[in-house]
Student: 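Questions regarding the structure given below will be posed in turn.
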Amino acid sequence: MLGGFPFGRVAAVSDPAAIRKVLVENPHHYRKSALERRILSPRLRNGLVAVEGEQWSSQPRTLAPLFGRKAVLQLAPAMAGATAALVARWRDRPDGNLLDVKAEMSALALDGLARSIFHQGLAGDPRAMRTAIVTFFTTAGRIDPFDLIGLPDFIPRITQWRVRALLRTFDQALDATIAERRRRRNGHPDGAARDMLGIMLAARDPETGKGLSEAELKGNVLTFIFAGQETTSTALTWALYLLSQSPEWAARITTESERALAGPREGLIERLPETRAVLDEAMRLYPPIVGMTRTANRQDELAGCTLARGTMVVVSPYVLHRHRLLWDDPDLFDPGRFLDGAGRKIDRYAYLPFGIGPRMCIGAGFALQEATLVLATIMKNFRLALAPGQSVWPQQRFTLRPRDPLMMAVTQRA
Ligand code: HEM
């Protein structure tokens with residue numbers, strides 16, 4: 001579909017073959033859109049989401065060991081620690097207490113990331129850090145009108161003043177943490193690589209032998225928190241909401257998690273296929289990232305339309321995942337679509353919660369491991385019921401999240 005703002009042309013693409021052309025086959029002709037870079041770059045400068053060109057091609061090579069299967073498995077205890085803290089907190093509250101599940105999942109995802117990145121914590125007052133990060137994200141999710149109309153970067157954005165001050169606080173804490181880790185690493189080079197920061201400090205580009213610069217290191221720490229927290233927490237929030245509306249699936253997940261969590265930690269995620277299918281289905285109905293944008297840097301033919309150079313191309317998982325030509329009963333919550341080999345029949349370009357192609361989500365394995373573990377642990381320990389009269393409406397703010405606090409009554413299982 002072709003259309004446009006008064007200041008530029010936009011094409012929304014939902015045809016699988018055209019999506020393949022944009023996101024996979026021609027990444028150099030379709031770069032991350034100027035709007036996206038303008039919004040992200042001042043905040044995540046030098047991090048993997050925002051970089052382009054040579055800097056981008058080196059970073060995924062250097063960062064690959066961080067998100068390999070073995071490294072992600074080693075982070076399971078950090079994720080389990082954050083989940084155990086949540087369970088202990090919820091157990092301390094009276095049964096039937098109303099909790100804002102959206103805020104709870106947001107805090108949990110931040111805790112899981114913080115424990116995975118810095119196993120000894122981040123320097124500075126943890127509460128001040130949390131406030132800084134949470135405010136940073138709520139502000140960063142808003143698009144400045146100056147970005148939308150394409151004004152150059154040197155013109156100050158009023159919406160950014162607050163973010164800059166917060167970033168300074170975060171920056172200082174990060175500087176202190178990295179300096180301390182470098183000092184300790186110099187004494188014990190091998191003993192340091194136990195968390196993501198340790199792996200990043202040791203990482204080298206296999207082609208050039210170069211490590212990450214200080215700016216890239218900091219940019220990526222912030223990027224992983226930015227890209228990982230809101231996305232994982234909204235996926236979990238929607239999964240818990242959908243389960244509260246489906247007694248059948250809630251019972252199935254509770255039974256599966258009781259059985260799986262009673263066994264050894266090894267192979268745990270593989271013993272939770274139904275829990276994983278619920279997450280897959282939650283991300284189909286409510287994909288945390290609703291749209292990926294690219295700019296065509298030359299004229300092209302796409303799905304029978306001529307695209308002018310400079311057109312912004314939008315691929316929307318939200319549109320794709322509910323497309324009537326691509327899915328049966330697209331609005332129905334049915335995790336069975338992803339079970340017992342049924343998932344293999346889904347068109348690879350019809351389901352894109354993590355994107356596809358060279359700029360696909362590097363943290364997908366991390367997110368799926370964490371979310372599966374958290375969902376199973378919550379369903380084993382608690383029953384959640386939507387508060388009476390609670391309105392649930394999706395709203396797009398960096399991620400697709402519930403517009404209002406998502407109040408649910410939480411009761412401990414016997
Ligand atoms: C449910 C959770 C998550 C979802 C749904 C998600 C979704 C996505 C999507 C759709 C993209 C591609 C954007 C595009 O093509 O323009 C992306 C990129 C990215 N994600 Fe995630 N993400 C999640 C979790 C995470 C986590 C936990 C991390 C890191 C710890 C992470 C780090 C990144 C990075 C660094 C990129 C940029 C990759 C590049 O440009 O080369 N994400 N994510």
Side-chain angles (χ1 to χ4, degrees), residues 13 19 22-24 27 30-33 35-37 39-41 44 46-53 55-64 66-68 71-72 75 78-79 82 105-106 108-117 195-197 199-200 216 219-239 276 279-295 312-318 320-321 349 351-375 398-401:
V13 177
I19 293 173
V22 172
L23 295 182
V24 182
Y30 293 96
R31 296 272 177 107
K32 285 232 167 184
S33 78
L35 175 65
E36 194 171 316
R37 270 185 289 127
I39 294 164
L40 292 178
S41 294
L44 305 178
N46 297 306
L48 188 55
V49 171
V51 293
E52 277 287 357
Q55 205 183 5
W56 177 78
S57 62
S58 166
Q59 281 201 14
R61 288 195 301 263
T62 314
L63 293 169
L66 202 58
F67 292 101
V72 171
L75 296 173
M79 296 172 182
M105 290 306 104
S106 183
L108 171 75
L110 184 57
D111 191 20
L113 274 161
R115 289 175 193 238
S116 303
I117 299 173
D195 56 13
M196 290 171 83
L197 181 59
I199 300 175
M200 277 195 270
E216 287 176 322
N220 276 304
V221 167
L222 200 55
T223 294
F224 298 151
I225 297 178
F226 181 87
Q229 192 228 3
E230 271 297 308
T231 46
T232 312
S233 71
T234 44
L236 276 164
T237 303
W238 288 118
R276 166 68 194 273
L279 282 163
D280 289 338
E281 180 68 342
M283 288 191 289
R284 184 185 69 79
L285 287 167
Y286 300 103
I289 301 291
V290 293
M292 293 168 268
T293 56
R294 301 289 189 270
T295 303
M312 187 204 280
V313 179
V314 182
V315 176
S316 167
Y318 187 87
L320 273 181
H321 294 180
Y349 293 88
Y351 183 64
L352 299 176
F354 295 103
I356 196 163
R359 302 221 64 152
M360 184 184 165
C361 180
I362 197 174
F366 178 103
L368 285 169
Q369 173 172 290
E370 180 174 38
T372 308
L373 188 69
V374 170
L375 189 59
F398 176 59
T399 58
L400 186 70
R401 50 175 112 162

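In what follows, residues are counted from 1 in the order of the sequence shown. For ligands, and for the atoms within them, numbers begin at 1 and follow the listed sequence.
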Student: Using a 3.5 Å cut-off on N or O atoms only, is Thr232 in polar contact with ligand 1?
Tutor: no
Student: So, regarding Arg294 and ligand 1 (criterion: nitrogen or oxygen to nitrogen or oxygen, under 3.5 Å), is there a contact or not?
Tutor: yes
Student: Taking the six-membered ring where the residue is Trp, are the ring centres of Phe366 and Phe224 under 6.0 Å apart?
Tutor: no
Student: Can any side-chain N or O of Gln229 pair as donor or acceptor with the backbone N or O of Ser106 at less than 3.5 Å?
Tutor: yes
Student: State the atoms of ligand 1, each with its element, that fall below the 4.0 Å cut-off from a heavy-atom position in Phe366.
Tutor: 27 (C)
Student: Between Pro287, Gly357, Gly228, which one has a non-hydrogen atom sitting closest to atom 26 (C) of ligand 1?
Tutor: Gly228
Student: Go through ligand 1 atom by atom and flag the ones less than 4.0 Å from a non-hydrogen atom of Gly363.
Tutor: 26 (C), 27 (C), 28 (C), 31 (C)
Student: Return the set of residues passing side-chain contact (heavy atoms from CB on, under 4.5 Å) with Ala82 (not counting sequence neighbours), or none when no residue passes.
Tutor: Leu108, Asp111, Arg115
Student: What atoms in ligand 1 come closer than 4.0 Å to a heavy atom of Met292?
Tutor: 13 (C), 14 (C), 15 (O), 16 (O)
Student: Keeping Arg294 on the side-chain end and Val313 on the backbone end, is there a donor-acceptor pair under 3.5 Å?
Tutor: no
Student: For atom 8 (C) of ligand 1, which candidate among Pro288, Pro358, Cys361 holds the nearest heavy atom?
Tutor: Cys361
Student: Could you check whether any side-chain N or O of Tyr351 sits under 3.5 Å from a backbone N or O of Asp280, counting only pairs where one atom can act as donor and the other as acceptor?
Tutor: yes
Student: Does Pro353 come within less than 4.0 Å of ligand 1, judged by its heavy atoms?
Tutor: yes
Student: Non-hydrogen atoms of Lys32 versus ligand 1: any pair closer than 4.0 Å?
Tutor: yes
Student: Quick one: does His321's side chain have a donor or acceptor within less than 3.5 Å of a partner on Tyr286's backbone?
Tutor: no
Student: For the backbone of Thr232 and the side chain of Glu370, can you confirm whether one donor and one acceptor N or O come within less than 3.5 Å of each other?
Tutor: no
Student: Checking Thr62 now: which residues fulfil side-chain contact (heavy atoms from CB on, under 4.5 Å) with it, not counting sequence neighbours?
Tutor: Ser58, Ala203, Asp205, Leu212
Student: Of the listed options (Thr231, Leu236, Thr399), which comes nearest to atom 3 (C) of ligand 1 when hydrogens are ignored and any heavy atom counts?
Tutor: Thr231
Student: Going by the closest heavy atom to atom 12 (C) of ligand 1, which one wins out of Met196, Gln229, Glu230, Arg359?
Tutor: Arg359
Student: Using a strict cut-off of 4.0 Å, indicate which atoms of ligand 1 neighbour a heavy atom of Gly355.
Tutor: 10 (C)
